[in-house]
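Contents: one structure, followed by commentary.
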Amino acid sequence: MNRILVLITLADNGIEQIKANPELPKKETEFVNQWKGEGLLESFYISISKKDAVLIFKSDDEIQIKKLIASLPYFPFMAKIEYHILAKQF
């Protein structure tokens, strides 16, 4: 099965806005944990600065993944989102 790699960069003021609302990180984590529990999310990485994230989904349905990303509580604070469909080699 192919994978979809999603690269996310938050807006410069995104971290401050997220920190101002302590419920946002909790809600964001719930989404990520749900996707992991469903077997849809294979890997999740976050940069030390917390400004960038990498998600690898076990899917080749880009439309579905774009909808999932748009449903995240952090979505309004995202400055850049890239989607790459990958063929897993091993």
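- Here the straight-line distance linking atom CG of Asp60 with atom CZ of Arg3 works out to 10.0 Å at 0.5 Å rounding.
- Applying the side-chain hydrogen bond (donor to acceptor under 3.5 Å, both in side chains) rule to Ser43 yields no partners; only residues at least two apart in sequence or on another chain are considered.
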Subject >> Verdict with supporting geometry, Glu38 and Gln34, side chain to side chain donor-acceptor pair (under 3.5 Å) >> reply: CA-CA 6 Å; Glu38 293 171 354; Gln34 178 183 342; 2.9 Å; yes
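- Contact check for Lys51 versus Asp12: side-chain heavy atoms found under the 4.5 Å cut-off.
- Within the 4.5 Å cutoff, the side chain of Leu40 has heavy atoms near those of the Leu68 side chain.
- Tyr83 and Leu55 fall within the same hydrophobic cluster, where Ile, Leu, Val, Met, Phe, Trp and Tyr residues are linked whenever their side-chain heavy atoms come under 4.5 Å apart, directly or through other members.
- Applying the ring-ring contact (aromatic ring centres under 6.0 Å, His included) rule to pairs touching residues 35-71 yields Trp35-Phe57, sequence neighbours excluded.
- With sequence neighbours excluded, no residue forms a side-chain hydrogen bond (donor to acceptor under 3.5 Å, both in side chains) with Thr29.
- Atoms CG and NE2, on Asn2 and His84 in that order, are 14.5 Å from each other to the nearest 0.5 Å.
- Two residues are said to be in side-chain contact when any heavy atoms from C-beta on lie closer than 4.5 Å; Leu24 and Phe77 meet this criterion.
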**OP:** Evaluate salt bridge (Lys or Arg N to Asp or Glu O under 4.0 Å) for Lys27 paired with Glu30, printing each intermediate quantity in order.
**Re:** CA-CA 5 Å; Lys27 290 178 182 178; Glu30 288 174 10; over 6 Å; no
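- Under the 4.5 Å side-chain heavy-atom criterion for Ile, Leu, Val, Met, Phe, Trp and Tyr, Ile4 and Phe75 are members of the same hydrophobic cluster.
- Counting heavy atoms from C-beta outward, Glu42 and Lys88 have side chains that approach closer than 4.5 Å.
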**OP:** Could you please spell out the steps behind the side chain to side chain contact (heavy atoms under 4.5 Å, CB included) verdict for Ile18 and Leu10?
**Re:** CA-CA 10 Å; Ile18 290 166; Leu10 294 177; 3.9 Å; yes
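- Atom CD of residue Gln17 and atom CD1 of residue Ile15 lie 10.5 Å apart, to the nearest 0.5 angstrom.
- Lys67 contributes atom NZ, which lies 15.0 Å from atom CG of Leu72 (distance to the nearest 0.5 angstrom).
- With sequence neighbours excluded, the residues satisfying salt bridge (Lys or Arg N to Asp or Glu O under 4.0 Å) with Lys66 are Glu62.
- By the salt bridge (Lys or Arg N to Asp or Glu O under 4.0 Å) test, Lys58 pairs with no residue at all, sequence neighbours left out.
- If you chain together hydrophobic residues whose side chains sit under 4.5 Å apart, Ile81 and Leu86 never meet in one group.
- In this structure, Glu16 has no salt bridge (Lys or Arg N to Asp or Glu O under 4.0 Å) partners at least two apart in sequence or on a different chain.
- Ile56 and Leu41 fall into different hydrophobic clusters, where Ile, Leu, Val, Met, Phe, Trp and Tyr are joined by side-chain heavy atoms under 4.5 Å apart, directly or via other members.
- Val54 is listed as a side-chain neighbour of Leu5, based on a closest heavy-atom distance under 4.5 Å.
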